[in-house]
Amino acid sequence: MIENTANIPPEFLEPYKPSTYEPEIRSRWIDSDYANPDTCEKAGVVDSSLPAFSMVLPPPNVTGSLHTGHALTCTIEDVMTRHVRMQGRRTLWLPGTDHAAIATQSKVEKIIEKEGLKKSEMGREAFLARVHEFATNSHDTIVSQVRAMGASVDWSREAYTLDDARSLAVRTAFKTMYDDGLIIRGYRVINWDAKGQTTISDDELVYEDRKGMLYTFRYSHEFPIPISTTRPETKIGDCAVAVHPSDERYKQYIGQTFKARFCDTDLEIRVIADIAVDPEFGTGALGVTPAHSIIDWQMSQTHNLPIIPVINEYAKICDDERYPEYLRGKKVLDAREMVVEWIREQGLMIEEKEVDQSVATAERTGAIIEPLPKLQWFIDVNKPFSMRHSNITGISTGDTVTLKDLMLAVVTTNQINFLPERFAESYTKWIENLRPWCISRQIWFGHRIPVWTRDGEEFCGVDAPTGDGWEQDPDSLDTWFSSGLWTFSTLGWPNTDAIDFKTFHPTSIIETGYDILPFWVARMILMSTYLLGEIPFKTVYLHGMVLTADGKKMSKSLGNAAKDPVELIETYGADALRMALIVANGPGQSIKLGEEKIKAYSKFSNKLWNITRFVLEQTSGEPLYSVDQISGSDIATWSEFKEIQNQINTEMNKYQYHLASEKLYHYIWHTYADTVIEDVKKRIQSNDTTAGSGKALLQNILITNIKLLHPFMPHITEYTWGLLPAEWKIDENKLLMVCKWPT
RNA sequence: GGACGGUUAGCUCAGUUGGUAGAGCAUCCCCUUGACGUGGGGAGGGUCAGAGGUUCGAAUCCUCUAUCGUCCACCA
């Protein structure tokens with residue numbers, strides 16, 4: 001065996017070192033600015049006859065640092081991006097961050113709490129300054145993490161859901177909806193978080209299974225119908241008893257009104273019939289408390305019942321003189337005890353039974369939710385309006401539609417496709433059950449509602465009204481309002497003449513975790529179809545969750561979040577982490593990420609490194625042998641490789657990266673290295689006449705493999721590419737990330 | 001209560017138009033001054049959750065059951 005190390009780059013004499021080479025490669029990419037499609041166009045690496053490709057990075061919340069779930073997002077999206085960029089398409093992958101209103105504010109509240117500070121004492125300005133400082137730090141961490149993954153996003157277009165451009169988009173969107181009558185202010189029973197002192201949406205609720213007591217009793221000895229409840233303390237606000245219309249036991253009382261003195265409070269109870277009542281549950285009769293139950297509130301609307309508040313924003317009994325003094329100001333649980341005691345004393349209690357119940361709690365603060373009637377801003381998804389402009393198939397400009405119609409139409413007509421397809425069904429169901437979307441939040445951090453009032457006058461505008469005495473609504477917007485605009489607020493909207501907007505909208509694909517399908521994906525569809533009359537993206541690719549090694553969902557509250565991706569990158573390399581995340585992990589599938597798998601792919605990096613070294617040793621100083629020089633039995637080997645390459649291309653085009661990456665890995669290691677190289681090695685050593693053909697085979701398969709592997713393992717392939725002799729690269733003596741994709 | 005997903009080798013999982021069961025890790029054996037010990041070669045290990053059906057043929061399609069999980073709804 002001839003040792004031919006003199007002519008090969010010295011790096012190859014040692015094992016591949018990701019921690020040394022990866023940062024170097026990343027700075028080469030940044031210097032090149034090839035992630036910016038404008039730069040690619042100037043450099044002439046774009047084929048302008050091909051359609052542009054665009055995608056937004058789901059903006060991570062500025063609530064801290066990224067976890068392995070984000071690493072998965074970065075990996076899949078970077079694979080997509082690098083693949084299409086190498087195909088010569090104008091390619092934009094646009095990064096940014098999300099201010100995440102409630103999540104960020106409550107995080108900072110917890111931090112200042114530890115310092116013995118309170119936001120009410122700090123005041124709005126000082127507190128917000130503190131939140132911005134925190135958000136900025138988080139942002140910087142996130143940016144460095146996204147970079148460390150090797151993500152080829154275009155930083156020159158970076159956006160933030162709360163920056164000036166996005167704020168303008170938010171105010172414009174709000175005003176448009178307001179003018180169309182789709183944003184309305186209403187007194188509704190909403191989910192009130194007494195701890196966070198804010199409204200929260202249905203999506204921010206977490207249900208906890210608990211044991212609770214179900215009490216069955218009568219309001220008074222004279223009252224004919226016994227009722228059951230788990231919340232006796234709210235019963236002092238009852239105004240009706242609802243029964244099923246066909247319930248024989250109570251039919252005779254329907255329509256009658258009874259007076260009762262319940263817990264030293266005067267009640268006037270009407271018996272109403274409503275099909276929402278389950279005759280099998282409890283006594284089959286439901287005490288209606290419109291102010292503190294969403295269902296009851298809905299009944300109060302149909303039956304025109306009074307709304308009597310019992311509980312205030314601090315989860316205490318209202319200080320109202322209709323209630324006895326001993327209850328006023330008492331906490332809910334204390335009041336419950338007292339009311340239960342009163343019922344028992346009066347001999348009105350019929351049964352006390354332990355039941356399973358799931359209690360709604362606030363995702364961020366953990367507080368038990370109090371349904372409360374409050375004045376809030378809503379987007380009415382069921383209200384018909386006239387479509388200003390439409391590029392949506394099946395919906396014409398001027399058509400009368402609802403937001404719900406729009407959200408359903410684009411999916412049922414396949415203008416937007418889901419991957420995996422099954423999610424289209426869950427999307428449709430979710431939309432069909434959609435209620436008015438409560439968009440106001442009683443928090444300081446976020447987009448303030450662009451509505452001003454003065455002496456009963458109301459003004460909604462993109463800018464504040466002129467003149468004195470106007471006061472802006474103190475509430476801010478649900479964070480999903482601004483993220484719903486993300487696919488076009490990042491491209492220059494509301495300026496519809498912006499070049500980016502014209503070039504890159506609708507975006508090609510949205511790629512995100514399936515857990516935010518209803519919150520984010522649905523709202524982007526809402527905003528885009530309504531405001532632009534366009535779909536926001538053609539395909540929705542949903543990946544699964546990255547679970548801990550024991551199969552649990554990672555959560556900060558459980559403290560079981562896996563290692564920081566950056567730590568894994570330092571140990572094994574970003575390329576190894578990317579492969580571990582993408583191989584055999586199909587769309588919609590959750591994966592348990594074990595460190596063993598990452599380690600295995602770091603070995604693969606070294607294998608590829610040594611394969612390259614070997615090929616260089618065998619052919620260094622020699623030119624690139626042409627494919628035409630492959631002859632004899634090597635032709636079959638080359639065909640076999642081309643077949644694998646075709647399969648990989650097919651899978652890549654169908655977003656089946658989990659299959660393509662594994663196929664490539666397997667081919668490189670177990671066919672190319674184990675069989676092809678071993679075979680050619682023997683022929684070279686024995687100076688066989690077919691050695692030249694063998695060398696052509698080795699070189700050409702290597703070069704193509706490096707390209708095919710680039711989207712998955714961009715660092716090592718780029719670095720290796722840089723070390724290959726210039727004469728091997730023909731017309732492509734440039735960065736691999738803009739070389740031509742092999743077909 | 002509703003919907004969806006999983007159940008394949010000890011572990012983690014591939015297996016997309018139905019055609020003789022695959023990978024990584026782990027285990028065991030052998031090799032190795034060789035491009036690579038972050039290596040190479042090999043072996044053991046599965047009635048593809050269970051039952052039934054369609055088919056010449058089913059891990060794959062259909063029905064049911066079990067079991068684990070996720071989401072949604074309800075919870076007076």
Side-chain angles (χ1 to χ4, degrees), chain A residues 1 3-5 8 12-17 202-203 205 207 209-210 212 214-216 227-232 234-235 238 241-243 274 276-278 281-289 292-296 299 355-360 420-423 425-426 428-430 433 514-515 517-518 544-545 547 549-553 572 576 579-580 583-586 588-618 650-651 654 656 658-659 661-663 665-666 669-670 673-674 677-678 681-682 685 698:
Chain A
M1 183 62 210
E3 279 287 348
N4 183 6
T5 55
I8 68 162
F12 284 114
L13 302 179
E14 285 183 36
Y16 180 69
K17 287 181 291 199
D202 294 346
D203 315 317
L205 299 181
Y207 287 92
D209 289 325
R210 293 189 188 173
L214 182 69
Y215 302 95
T216 302
I227 58 161
S228 297
T229 184
T230 53
R231 300 207 55 190
T234 64
K235 298 289 106 181
D238 281 13
V241 163
V243 297
D274 198 298
V277 180
D278 175 7
F281 190 94
T283 63
L286 156 68
V288 182
T289 322
H292 301 290
S293 151
I294 289 171
I295 289 277
D296 295 10
M299 287 188 192
V355 289
D356 293 317
Q357 57 178 168
S358 63
V359 179
E421 286 174 15
R422 61 186 153 89
F423 285 108
E425 203 183 327
S426 33
T428 309
K429 278 193 178 141
W430 192 82
N433 294 323
Y514 65 67
D515 54 334
L517 167 66
M545 302 293 104
L547 306 173
D550 57 349
K552 296 270 162 52
K553 193 170 172 174
Y572 304 105
M579 283 295 275
V583 174
N585 179 24
Q589 209 55 46
S590 292
I591 63 159
K592 289 174 212 169
L593 181 67
E595 227 168 296
E596 284 304 316
K597 192 173 176 188
I598 308 171
K599 199 175 167 186
Y601 289 105
S602 71
K603 286 191 192 177
F604 178 59
S605 300
N606 198 56
K607 186 71 182 178
L608 182 70
W609 190 245
N610 279 295
I611 286 169
T612 311
R613 171 187 170 170
F614 178 77
V615 175
L616 281 173
E617 279 178 11
Q618 297 309 312
T650 305
E651 286 162 353
K654 292 199 285 187
Q656 294 173 327
H658 63 300
L659 300 180
S661 54
E662 188 171 32
K663 190 159 282 164
Y665 165 85
H666 202 252
W669 200 318
H670 298 295
D674 289 358
I677 289 184
E678 288 301 321
K681 182 160 66 177
K682 284 189 200 113
Q685 282 167 12
L698 291 192

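Side chains included, hydrogens not; waters and symmetry mates left out as well; all remaining heavy atoms used. Convention: sequence-line order gives letters A, B, ...; per-chain numbering from 1.
Shown here, B/C71 forms a base pair with B/G2; the pair counts as Watson-Crick or G-U wobble because both key distances fall under 3.5 Å. Remark: B/C61 base-pairs with B/G53; criterion is Watson-Crick or G-U wobble with both hydrogen-bond distances under 3.5 Å. Figure legend. B/U7 is base-paired to B/A66; pairs are counted as Watson-Crick or G-U wobble with both atom distances under 3.5 Å. When both pairing distances are held under 3.5 Å, B/C28 makes a Watson-Crick or G-U pair with B/G42.
Contact annotation for A/A673: base contact, defined as any heavy-atom pair under 4.0 Å involving a base atom. Nucleic acid contact for A/T230: sugar-phosphate only, since backbone atoms but no base atoms lie under 4.0 Å from a heavy atom of the residue. A/D674 comes within 4.0 angstrom of the backbone, heavy atoms only, and of no base. Counting non-hydrogen atoms under 4.0 angstrom, A/I611 reaches a base of the nucleic acid. Residue A/L659 is in base contact, counting any heavy-atom pair closer than 4.0 Å across all strands shown. A/V355 comes within 4.0 angstrom of no nucleic acid atom, judged by non-hydrogen atoms across all strands.
Ring geometry, A/H666 versus A/H670: the interplanar angle falls from 30° to 60°, so the pair is classed tilted.
Rounded to an integer number of Å, the gap from A/N606 CG to B/G39 P is 8 Å. If you take CG of A/N433 and C1' of B/G2, they are 10 Å apart, rounded to a whole angstrom. The separation between A/D515 atom CG and B/C72 atom P is 10 Å, rounded to whole Å. Atom CD in A/E651 sits about 11 Å away from atom P in B/U16, given to the nearest Å. A/E617 has its CD atom 7 Å from the P atom of B/C36, to the nearest Å. Counting to the nearest Å, the P atom of B/G15 and the CG atom of A/N585 are 10 Å from each other. Distance, A/I294 CD1 to B/A73 P: 10 Å, rounded to whole Å. In this structure, A/E14 atom CD and B/U38 atom P are separated by 13 Å, rounded to whole Å.
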Protein and nucleotides 21-26 of chain B: nitrogen or oxygen contacts under 3.5 angstrom:
unit_1	atom_1	unit_2	atom_2	d
B/G24	OP1	A/H670	NE2	3.4

Fill in: Trace of the ring-ring contact (aromatic ring centres under 6.0 Å, His included) decision for A/F423 with A/Y514
CA-CA 8 Å; A/F423 285 108; A/Y514 65 67; 5.5 Å; yes
Practice prompt. Evaluate side-chain contact (heavy atoms from CB on, under 4.5 Å) for A/L698 paired with A/F614, printing each intermediate quantity in order.
Written response: CA-CA 10 Å; A/L698 291 192; A/F614 178 77; 4.2 Å; yes
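At B/A35, one or more side-chain N or O atoms of A/K681 fall inside 4.0 Å of OP1 or OP2 (strictly under the cut-off).
With a 4.5 Å cut-off on side-chain heavy atoms, A/V241 and A/V288 do not count as touching. Side-chain contact between A/L659 and A/K654 is absent, with no heavy-atom pair separated by less than 4.5 Å. With contacts defined as side-chain heavy-atom distances shorter than 4.5 Å, the pair A/L286/A/V243 does not qualify. Side-chain contact check for A/K235 versus A/D238: some heavy-atom pair is nearer than 4.5 Å. Within the 4.5 Å cutoff, the side chain of A/I611 has heavy atoms near those of the A/I677 side chain.
When the C1' atom is used for both B/U55 and B/C13, the distance is 30 Å, rounded to whole Å. Taking atom P in both B/C48 and B/U7, one finds a spacing of 13 Å when rounded to whole Å. When the P atom is used for both B/C4 and B/C64, the distance is 11 Å, rounded to whole Å. Going from the P atom of B/U65 to that of B/A3 covers 12 Å, rounded to whole Å. For B/G46 and B/A23, the P atoms lie 15 Å apart once the distance is rounded to whole Å. Remark: the separation of the P atoms in B/A26 and B/G40 is 13 Å, to the nearest Å. Remark: the separation of the P atoms in B/G45 and B/C36 is 35 Å, to the nearest Å. Nucleotides B/U16 and B/U60 are separated by 10 Å at their C1' atoms, to the nearest Å.
Summarising the local packing, NZ of A/K599 is surrounded by 12 or fewer heavy atoms from other residues, nucleotides or ligands at distances under 6.0 Å.
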Item to complete: Spell out protein contact along nucleotides 3-9 of chain B as letters: B when the base is contacted, S when just the sugar-phosphate is, - when no protein heavy atom is under 4.0 Å; keep the 5' to 3' order.
Response: SSS----
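Nearest nucleotide to the A/N610 side chain, out of B/C75, B/U16, B/A35: B/A35. Relative to the side chain of A/Q656, the nucleotides B/A35, B/G40, B/U16 differ in distance, and B/U16 lies closest.
Residues A/K597 and A/A580 come closest through the heavy atom pair NZ-O, 3.1 Å.
Of the residues near RNA chain B, A/K654 and A/S590, the one whose nearest nucleotide (by heavy atom distance) lies more toward the 5' end is A/S590. Nearest-nucleotide assignment on RNA chain B puts the 5′-proximal partner with A/P15, out of A/Y514 and A/P15.
Within the 3.5 Å criterion, the main-chain N or O of A/M545 finds a donor-acceptor partner in the side chain of A/S590.
When the salt bridge (charged side-chain N to carboxylate O under 4.0 Å, His left out) test is applied to A/E596, no partner is found at least two apart in sequence or on another chain.
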